[in-house]
J.: 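Submitted below is the structure of interest, expressed as structure tokens.
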Amino acid sequence: MSGGKALTPQSEDFSAWYNEVVQHAQLASHSPVRGCMVIRPYGYRIWELMQASLDGMFKDTGHENAYFPLFLPKSALDREAQHFEGFAPETAIVTHAGNAELEEPLVVRPTSEAIIWPILADWIHSYRDLPVLLNQWANVVRWEMRTRPFLRTTEFLWQEGHTAHATEADAEEETVRMLGVYRTFMEEWMAMPVVTGLKTDSERFAGALRTYACEALMKDNKALQAGTSHNLGQNFARAFEVRYQTEEGEHEYVWSTSWGVSTRLVGALIMAHGDDAGLVLPPLLAPHQVVIVPIWRDGEQQQTVLAAAHRVGQTLSSAGVRLHLDDREGINPGAKYYEWERRGVPLRLEIGPRDVAAGVVMSVRRSVAEGAQRKVPLAEADLGTVVPVMLRDIQEHILQQARAHRERNTVWGVTDYAEFRQFMEEGGGFAYTGWCGSAECEQRVKDDTKSTVRVIPDEEFRSPDAPDVCLCGADSLCQVVRARAY
RNA sequence: CGGGGAGUAGCUCAGUCCGGCAGAGCACUGGCUUUGGGAGCCAGGGGCCGCGGGUUCAAAUCCCGCCUCCCCGACCA
């Protein structure tokens, strides 16, 4: 177990806090290669739980998993001009195998469009072959300048959906549907509220027609792009000659989409819910939903207490609860409390001689609503029904807490530029403003305030108070959500 | 990739200026006593001092090159 006492408080240095949580909660550690991390079992388990949930949702919406190769010929990337321009600066290129120089260098995929579309061109011939609804779980490499564990690593794990459709409307429907799947996952599983909407041209995926995104607000009031869904139009179909024959016998390019979320979501989870005591995990994604800490003074008590702990464990397992019994000897209960709190376990059950005698266990929640009891004794006989209810309640509470944080740090209509600037300087958060639609204006605000347009919000997320003028004073084309971002 | 800081035991660091046996606390192992919010005593184990080269009788320490991490910028999931 890692030593150390208190973490750096979030208010003192948020990124130091973040790095310490990653280390001390045993989520990840560094590797010898720049920007590459080792995902440790506890962190990987969170990712596995995310994968399991998302994978089910993808399958429920008709997608199938496949796997495409890690390498693509360098020439393939060049096929779509914008795509190439977008990714060329950050690709890793293999030029040698052993001592021999390769005839054509290979690119390690930064994303798989350029690998998948040449293949799909062979698979798709007729309107009867459409839609193609694929997903793959894979690793990709992007040689970013500045890396941070989970948030931006040189190699990262993700899923990438790739679909082909007969019509523009079908592709758009798919793009929006998958954005909705992401939103549902983020809110229901990660307990992380998001704003969804359209990206501006400057933040659009290289080669896409339109990029939609889920934007979440972290505890330090910076925004994190948590997932993206792209309507690729016919751009990739044209670049890779993916055509199908219509019912009428015409040859048409397919309409395609791609969408992805990555291990960045683990970073999002840390920053959306964590506090000065460490990680706070939503029960649905917690490797251990419950940790049982037995307490004893002598061998006899140890036997009694452990027997009770195993009994409780049986009950909870049968009730579908993921639990861990911390029966390590020679470590005081208090030390175990600190450790599991730092690692974000939603619910702790303490079982001591007094509890066994009384037929109860002491439950302690990792996070509770203000004014609510953190420690509550529970009758052992009721655990099978009460604990699952508590876990659902904790899940809901964490979501509400994150929602409240976002509401507290959102301004719904800013017209005055000085006011906007002050908001971004004094803590920041989401600011709804108008936007004239000009890229120059967007860039100027970015240079000046470090804040960017996160999204042009979807209808549901629009502000009734959004101004009809841009920050530059010109007429507003649409309302936008601005924030400083990761 | 530019500017700044750092790398010595698993972790946090002292030692580097001024070259001369590799250190502390925590963690780890064993024993005894403990155990309801970070236990105590005793005994132990653990080091390519980031890597490579150079200077020197002698390098953690001085010189050169590189790698990695952290912070600030430009680039991005």
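Order of the sequence lines fixes the chain letters, A, B, ..., with proteins taken first and strands second; residue numbering starts at 1 for each chain.
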J.: For residues A:W143 and A:A92, report the shortest heavy-atom separation together with the two atoms involved.
T.: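 Result for this residue pair: CE3-CB, 4.0 Å.
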J.: Suppose we define a pair by two distances each less than 3.5 Å, Watson-Crick or G-U wobble; what does B:rA14 pair with here?
T.: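 Its partner is none (no Watson-Crick or G-U wobble pair with both distances under 3.5 Å).
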J.: Considering only the C1' atoms, how many Å lie between B:rG53 and B:rG45, rounded to the nearest integer?
T.: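 It works out to 34 Å between them.
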J.: In whole Å, what is the span from the CZ atom of A:R366 to the C1' atom of B:rG37?
T.: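 So the two atoms are 14 Å apart, to the nearest Å.
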J.: Determine which nucleotide pairs with B:rA58, using a 3.5 Å limit on both distances of a Watson-Crick or G-U wobble pair.
T.: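 Partner of B:rA58: none found under 3.5 Å.
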J.: A:S262 side chain: which of B:rA77, B:rG38, B:rG37 is closest?
T.: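 Taking heavy atoms from C-beta onward, the closest nucleotide is B:rA77.
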J.: Between P on B:rG36 and CD1 on A:I292, what's the gap in Å once rounded to a whole number?
T.: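 Spelled out: CD1 on A:I292 to P on B:rG36 is 18 Å.
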J.: If you compare all heavy atoms of A:W47 against all heavy atoms of A:S262, which two are closest, and at what distance to 0.1 Å?
T.: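 Of all heavy-atom pairs spanning A:W47 and A:S262, the closest is CZ3-O, 3.4 Å.
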J.: Hey, does A:P89 reach any base, or is it just sugar-phosphate, or nothing, if we go heavy atoms under 4.0 Å?
T.: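 Touches nothing.
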J.: Please state the C1' separation for the pair B:rA77 and B:rG44 - nearest whole angstrom.
T.: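 Comparing C1' positions in B:rA77 and B:rG44 gives a spacing of 49 Å.
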J.: If you measure from the ring centre of A:Y337 to the centre of the six-membered ring in the base of B:rG37, is it under 5.5 Å, with the planes under 30° apart?
T.: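 Not stacked: fails the 5.5 Å / 30° test.
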J.: What I want to find out is whether A:R366 reaches A:D275 closely enough, with some N-O distance under 4.0 Å, to be called a salt bridge.
T.: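 Counted as a salt bridge, because a side-chain N and a carboxylate O are separated by less than 4.0 Å.
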J.: For B:rC75, what is the paired nucleotide under Watson-Crick or G-U wobble rules, both distances under 3.5 Å?
T.: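 None - no nucleotide pairs with B:rC75, as no candidate has both distances under 3.5 Å.
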J.: In whole angstrom, give me the gap between the C1' atoms of B:rG20 and B:rU61.
T.: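 Nearest-Å result for B:rG20 against B:rU61 at atom C1': 11 Å.
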J.: Can you tell me the Watson-Crick or wobble partner of B:rA27, both distances under 3.5 angstrom?
T.: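 Per the H-bond distance test, none.
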J.: Is there a Watson-Crick or G-U wobble partner for B:rG47 with both distances under 3.5 Å, and if so, which one is it?
T.: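 Matched B:rG47 with nothing under the 3.5 Å cut-off.
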J.: Assign A:E350 to base, sugar-phosphate, or nothing according to its heavy-atom contacts below 4.0 angstrom with the strands shown.
T.: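 Base contact.
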J.: Considering non-hydrogen atoms only, spot the tightest contact between A:N231 and A:E172 and give its length.
T.: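 In terms of heavy atoms, the two residues are closest at ND2-OE1, 2.7 Å.
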J.: Would you say the side chain of A:Q23 and the base of B:rG10 hold a donor-acceptor pair, judged only by whether the two atoms sit under 3.5 Å apart?
T.: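 Counting by modelled atom types and ignoring angles, no donor-acceptor contact under 3.5 Å is found here.
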J.: If the C1' atom of B:rC11 is compared with that of B:rA74, how far apart are they to the nearest Å?
T.: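 Result for the C1' pair: 34 Å, nearest Å.
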J.: If we take the P atom in both B:rC48 and B:rA43, what is their distance in whole Å?
T.: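 Each nucleotide's P atom is 26 Å from the other's.
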J.: Of all the nucleotides listed (B:rA77, B:rG36, B:rG38), which has the minimum atom distance to the side chain of A:A6?
T.: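 Ranking B:rA77, B:rG36, B:rG38 by closest atom to the A:A6 side chain puts B:rG38 first.
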J.: Between atom NZ in A:K222 and atom P in B:rA77, what is the gap in whole Å?
T.: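 To the nearest whole Å, that distance equals 15 Å.
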J.: Please determine whether a side-chain nitrogen or oxygen atom of A:N332 lies at a distance below 4.0 Å from atom OP1 or OP2 of B:rU35.
T.: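 Result: no.
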J.: Give me, pair by pair, the N or O atoms of the protein and of nucleotides 69-72 of chain B that are less than 3.5 Å apart, along with how far apart they are.
T.:
unit_1	atom_1	unit_2	atom_2	d
B:rC69	OP1	A:G35	N	2.6
B:rC69	O3'	A:H30	NE2	3.4
B:rC71	OP1	A:S15	OG	3.0
B:rC72	OP2	A:R146	NH2	2.2

J.: Please report the distance separating the P of B:rG10 from the corresponding atom of B:rC28, rounded so that it comes out in whole Å.
T.: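 My reading of the P atoms in B:rG10 and B:rC28 gives 14 Å.
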J.: Watson-Crick or G-U wobble partner for B:rC69, using a 3.5 Å limit on both distances?
T.: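 Its partner is B:rG5 (Watson-Crick or G-U wobble, both distances under 3.5 Å).
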J.: With the threshold set at 4.0 Å, does a side-chain nitrogen-carboxylate oxygen contact exist between A:D201 and A:R204?
T.: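 Answer for the salt bridge query: yes.
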J.: Rounded to the Å, how far apart are A:E155 CD and B:rA77 P?
T.: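 Answer to the nearest Å: 18 Å.
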J.: Between CE of A:M362 and CG of A:D355, what distance do you get to the nearest 0.5 Å?
T.: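 Reported to 0.5 Å precision, the distance equals 6.0 Å.
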J.: When you measure from the side-chain N and O atoms of A:R142 to the phosphate of B:rC76, is any distance below 4.0 Å, counting only OP1 and OP2?
T.: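 For A:R142, the contact criterion (side-chain N or O under 4.0 Å from OP1 or OP2 of B:rC76) is not met.
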J.: For A:E85 and B:rC76, give me the distance from atom CD to atom C1', rounded to whole Å.
T.: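 After rounding, the gap between these two atoms is 16 Å.
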J.: Output the rounded distance in Å from CH2 (A:W143) to P (B:rA77).
T.: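 Result: 18 Å.
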J.: How is A:L265 classified with respect to the nucleic acid when contacts are heavy atoms under 4.0 Å: base, sugar-phosphate, or nothing?
T.: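 Here A:L265 touches no strand at all.
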J.: On RNA chain B, compare the nucleotides closest to A:L224 and A:V356; which residue's is nearer the 5' end?
T.: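 Closest to the 5' end, via its nearest nucleotide, is A:V356.
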J.: Where do A:L323 and A:G313 come nearest, in terms of heavy atoms and distance?
T.: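 Minimum heavy-atom contact is CD2-O, 3.6 Å.
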J.: Which nucleotide in the set B:rA39, B:rG37, B:rG36 lies at the smallest distance from any side-chain heavy atom of A:A335?
T.: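 Within the option list, the nearest is B:rA39.
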J.: Indicate, with a heavy-atom threshold strictly under 4.0 Å, whether A:E341 touches base, sugar-phosphate, or nothing.
T.: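 The residue A:E341 makes base contact.
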J.: Rounded to the nearest angstrom, tell me the gap between atom CD1 in A:I295 and atom P in B:rU34.
T.: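 Interatomic distance, CD1 of A:I295 to P of B:rU34: 17 Å.
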J.: With sequence neighbours excluded, what pairs up with A:R421 under the side-chain hydrogen bond (donor to acceptor under 3.5 Å, both in side chains) test?
T.: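 Once residues adjacent in sequence are excluded, the partners of A:R421 under the side-chain hydrogen bond (donor to acceptor under 3.5 Å, both in side chains) criterion are A:D448.
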J.: Taking only the C1' atom of each, what is the distance from B:rC49 to B:rA6 in whole angstrom?
T.: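 It works out to 14 Å between them.
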J.: Taking the minimum atom-to-atom distance to the side chain of A:R264, which one of B:rG37, B:rG38, B:rA77 wins?
T.: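 Of the options given, the side chain of A:R264 lies nearest B:rA77.
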J.: Of the non-hydrogen atoms in A:V194 and A:A216, which two are nearest, and what is the gap between them?
T.: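 Minimum heavy-atom contact is CG1-CB, 4.0 Å.
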J.: Applying a 3.5 Å limit to both distances, which nucleotide forms a Watson-Crick or G-U wobble pair with B:rA22?
T.: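 Base partner found: none.
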J.: In whole angstroms, how far is the P atom of B:rG10 from the CZ atom of A:R40?
T.: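 Rounded to whole Å, this separation is 13 Å.
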J.: More 5' along RNA chain B: A:M362 or A:T154, using each one's nearest nucleotide?
T.: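 Looking at the nearest nucleotide for each, A:M362 comes out on the 5' side.
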J.: Provide the distance between the two P atoms, one in B:rC63 and one in B:rG73, to the nearest whole Å.
T.: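 The same atom, P, in both gives a distance of 31 Å.
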J.: Between A:R152 and A:E90, is the closest basic N to carboxylate O distance under 4.0 Å?
T.: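 Not counted as a salt bridge, because no side-chain N and carboxylate O are separated by less than 4.0 Å.
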